[in-house]
Amino acid sequence: MSRAALLVLADGRFPAGGHAHSGGAEPAVEAGRIRNAEDLAAFCRGRLHTTGLTSAALAAAAAHGLDPLALDEAADARTPSPALRAVASKLGRQLMRAARATWPSPELAALAAARPRGAHQPVVLGLTARAAGLGPEDAAHCVAYETVSGPATAAVRLLSLNPFEATAVLARLAPELDRVAEQAAAAVHHGIDALPAASAPLLDVTAEAHAVWPVRLFAS
C-alpha cells in the first residue's frame, strides 16, 4: 500500500476533470444558501454525510474487489437525478483516461470496455485505487475529501471567499471525513445491497435546474 499513491489520486491537479464541477455549490450560491464560510461548512457537512457517504462506500467496494458493473448499477439506483447521473458518468470517463495512463490494469481496461460512455466516478475511483495498491478505506477517504473540497474550491471562485477561510472549513471537517471513510469502508463486508444509500434531495433538484442554465461557471 502506497500513501504516496493516495496523495497523487487525491491531488486536485490529477487530470480527472473535477475542477470544472462545483458539487452543487454554484446553484446553492445563486439561491443564497452559501454566502460565507459558515454557510459553506454547513453545505459541505450535509453533502459529506449524504451523497458523500454513498459515493465513498461505492468507491471502497470497488477497491475491495466487488463487481464494478454491479456497483455501477447500484450507483445508478442511488442517483435519482438524470443530470447527476450524466455528470458521474462523464467524470468517470475522464478519470478512467487518467487512471489507465497512470496505473494501467486489466480491471480498469475491462470496465472501460464494458462502459465506453463512462461508469460512475466513485466506482472508477475505487478501481483506480485498487490498481494503485490502495485499500477500501483509502478510496473512501479520497471520495470523502473530494465531496467537500470541490464545493470549497468553487466557493472561493463564486464568492471571492478568502481561500484561507475555505481551507479552514476543510480542516475543521477532517474528523468527520475520517468517520465517513471508516463507515464506508466497513460497509463493504456486507455486500452491495447493504451499501449506504443516503441522499440529498435538494442537491438532486438544484442539479436538474442548474443543468439548463444558459450561462454558468461550472459544469455541475
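All values below were derived from every heavy atom in this structure, side-chain atoms included, with hydrogens, water molecules and symmetry-related copies excluded.
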Members other than V87 in its cluster, when Ile, Leu, Val, Met, Phe, Trp, Tyr link by side-chain heavy atoms under 4.5 Å?
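Besides V87, the cluster holds L91.
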Which atoms form the tightest heavy-atom contact between [X] and [Y], and what is the distance?
{"X": "V156", "Y": "A166", "result": "CG2-CB, 3.6 Å"}
{"X": "P15", "Y": "A98", "result": "O-CB, 3.5 Å"}
{"X": "W213", "Y": "P27", "result": "CH2-CA, 3.8 Å"}
{"X": "P122", "Y": "S55", "result": "CB-O, 3.5 Å"}
{"X": "G23", "Y": "R47", "result": "O-NE, 2.9 Å"}
{"X": "I192", "Y": "A70", "result": "CD1-CB, 3.6 Å"}

H19: partners by ring pair (Phe, Tyr, Trp, His ring centres under 6.0 Å), with sequence neighbours left out:
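Checked H19 against ring pair (Phe, Tyr, Trp, His ring centres under 6.0 Å); zero matches.
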Could you pull out all residues at least two apart from H49 that satisfy ring pair (Phe, Tyr, Trp, His ring centres under 6.0 Å)?
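Result, ring pair (Phe, Tyr, Trp, His ring centres under 6.0 Å) vs H49: none returned.
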[X] side-chain N/O to [Y] backbone N/O, donor-acceptor pair under 3.5 Å:
{"X": "S220", "Y": "H21", "result": "no"}
{"X": "E208", "Y": "A83", "result": "yes"}
{"X": "H64", "Y": "A60", "result": "no"}
{"X": "R216", "Y": "H210", "result": "yes"}
{"X": "D178", "Y": "P175", "result": "no"}

Residue that, paired with Q121, satisfies side chain to side chain contact (heavy atoms under 4.5 Å, CB included) out of V124, L125, V123:
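The passing option is L125.
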Between L195, L111, L127, V188, which is the residue that forms a side chain to side chain contact (heavy atoms under 4.5 Å, CB included) with L71?
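Result for side chain to side chain contact (heavy atoms under 4.5 Å, CB included) with L71: L195.
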How far does [atom1] of [X] sit from [atom2] of [Y], to the nearest 0.5 angstrom?
{"X": "L48", "Y": "R179", "atom1": "CG", "atom2": "CZ", "result": "9.5 Å"}
{"X": "T128", "Y": "L95", "atom1": "OG1", "atom2": "CG", "result": "4.5 Å"}
{"X": "D76", "Y": "H120", "atom1": "CG", "atom2": "NE2", "result": "3.5 Å"}
{"X": "T50", "Y": "L203", "atom1": "OG1", "atom2": "CG", "result": "6.0 Å"}
{"X": "L159", "Y": "R35", "atom1": "CG", "atom2": "CZ", "result": "10.5 Å"}
{"X": "D72", "Y": "R115", "atom1": "CG", "atom2": "CZ", "result": "4.5 Å"}

Examine [X] and [Y] and state if one hydrophobic cluster contains both, with Ile, Leu, Val, Met, Phe, Trp and Tyr joined whenever side-chain heavy atoms are less than 4.5 Å apart.
{"X": "L66", "Y": "L53", "value": "no"}
{"X": "L161", "Y": "I34", "value": "yes"}
{"X": "L108", "Y": "L69", "value": "yes"}
{"X": "L134", "Y": "V8", "value": "yes"}
{"X": "L40", "Y": "L202", "value": "no"}

With a cut-off of 6.0 Å (strictly less than), are more than 12 heavy atoms of other residues, nucleotides or ligands near CZ of R33?
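Correct, the count exceeds 12.
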With a cut-off of 6.0 Å (strictly less than), are more than 12 heavy atoms of other residues, nucleotides or ligands near CZ of F218?
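It does: F218 CZ has more than 12 such atoms within range.
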Give me each pair satisfying side-chain hydrogen bond (donor to acceptor under 3.5 Å, both in side chains) with a member in residues 181-203, each pair once, sequence neighbours excluded.
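Checked against side-chain hydrogen bond (donor to acceptor under 3.5 Å, both in side chains) - neighbours excluded - no pair reaches residues 181-203.
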Sequence neighbours excluded - side-chain hydrogen bond (donor to acceptor under 3.5 Å, both in side chains) pairs with any residue from residues 98-108
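Pairs touching residues 98-108 that pass the test: E107-R130.
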Just wondering, do R97 and Q94 contact through their side chains at under 4.5 Å, heavy atoms?
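Answer no - side chains too far apart.
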Are side-chain heavy atoms of N36 and D39 found at a separation under 4.5 Å?
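Counting from C-beta outward, N36 and D39 do come under 4.5 Å.
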Residue pairs passing the salt bridge (charged side-chain N to carboxylate O under 4.0 Å, His left out) test where at least one lies in residues 12-29, sequence neighbours excluded:
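Checked against salt bridge (charged side-chain N to carboxylate O under 4.0 Å, His left out) - neighbours excluded - the pairs reaching residues 12-29 are D11-R13.
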